[in-house]
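Computed over heavy atoms, backbone and side chain alike; hydrogens, waters and symmetry mates excluded.
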Amino acid sequence: MQVVINIVTPVINNQLLIIWVAYATCINPCKYMRNKLITLVKEAARNESYAFFSGFPYKIPQTAMEHPALWLTPPQLSELNGRQRGSTVYKLSAYIVEPDGGRDEQQKEEVWAKMERDAISIARRVADSPAVFGVRKVQCTPGEYTLTSYGELSMNLSMEVEILFCNN
């Protein structure tokens, strides 16, 4: 990776300097951004003790999954800022899945609360990567229906992840 170092004059609140330092950790070339993002989510999920799967949502019922699991749908590129250097924003959507096991409503709420804490932790782990400029719009929504015929509890995790790139 080649990093171009520009001499900049820091502004009062060091905003310009922060952006300059962030470009030193950008991903090059662009074709690796999607793969890097998937790898970041995979590592974050495994750190929270979730088995990792990815693919389109219609494949979930056809897949034999270990539980607990995180199923990442293909990242959606939603923004591109800059030309040779800049950032891209990907929208991520994932399903966190745990077996239901005949839980009553109170037990389901407890499992959803745990899933929500884990989802926030996963988002924070992704945000901690040097290649990630920011994570925003994190949303967690408990699933009303099961995703497979086996019956499980699920939560949809969605977020936007901004990644820096440079093509120098």
> What's the spacing between E110 CD and L153 CG if we round to 0.5 Å?
Replying inline: 11.5 Å
> Does the side chain of I163 come within less than 4.5 Å of K36's, by heavy atoms?
Replying inline: no
> Any chance NZ of K114 has more than 12 other-residue heavy atoms, nucleotides or ligands included, within less than 6.0 Å?
Replying inline: yes
> What distance separates I122 CD1 from K42 NZ, expressed to the nearest 0.5 Å?
Replying inline: 14.0 Å
>> Can you give me the closest heavy-atom contact between M155 and P142, atom names plus distance?
In response: CE-CG, 3.9 Å
>> Checking the side chain of T39 only, and the main-chain atoms of N35 only, is there a donor and an acceptor separated by less than 3.5 Å?
In response: yes
> Given the rule in the side chain to side chain contact (heavy atoms under 4.5 Å, CB included) test, do I38 and Y90 qualify, once you have shown the distances and angles that lead to the verdict?
Replying inline: CA-CA 11 Å; I38 292 169; Y90 283 93; over 6 Å; no
> Can you find a heavy atom in the side chain of V111 that is under 4.5 Å from one in the side chain of M115?
Replying inline: yes
> side chain to side chain donor-acceptor pair (under 3.5 Å) with S78: which residues, sequence neighbours excluded?
Replying inline: none
> If you round to the nearest 0.5 Å, how far is CG of L157 from CG of L70?
Replying inline: 7.0 Å
> Looking at SG of C140 and CD1 of I96, how far apart are the two atoms once the value is rounded to the nearest 0.5 Å?
Replying inline: 6.5 Å
>> Tell me whether Q107 contacts the main-chain N or O of D104 through its side chain, where contact means a donor paired with an acceptor under 3.5 Å.
In response: yes
> Are V89 and V132 connected in a single hydrophobic cluster, I mean Ile/Leu/Val/Met/Phe/Trp/Tyr linked by side-chain heavy atoms less than 4.5 Å apart?
Replying inline: no
>> Tell me the closest heavy-atom pair linking P74 and G55, and the distance in Å.
In response: CD-O, 3.5 Å
> Where is the tightest heavy-atom contact between W112 and G143, given as atom of each residue plus distance?
Replying inline: CZ2-O, 3.5 Å
> Which pair of non-hydrogen atoms, one from L72 and one from S93, has the smallest distance, and what is that distance?
Replying inline: CD1-O, 3.5 Å
>> What I'd like to find out is whether the side chain of K59 reaches to under 4.5 Å of the side chain of W71, using heavy atoms alone.
In response: yes
> Below 4.0 angstrom, N of the basic side chain to O of the carboxylate: do R46 and E43 qualify?
Replying inline: no
> Is there a side-chain contact between T73 and Y95 (heavy atoms, below 4.5 Å)?
Replying inline: yes
> So if you build clusters from Ile, Leu, Val, Met, Phe, Trp, Tyr with side-chain heavy-atom gaps below 4.5 Å, do I120 and V135 land together?
Replying inline: no
> So among Q139, Q76, K137, which one has a side chain to side chain contact (heavy atoms under 4.5 Å, CB included) with E160?
Replying inline: K137
>> Check this for me, if you would: do E162 and R136 make a salt bridge, where the nitrogen-to-carboxylate-oxygen distance has to be below 4.0 angstrom?
In response: yes
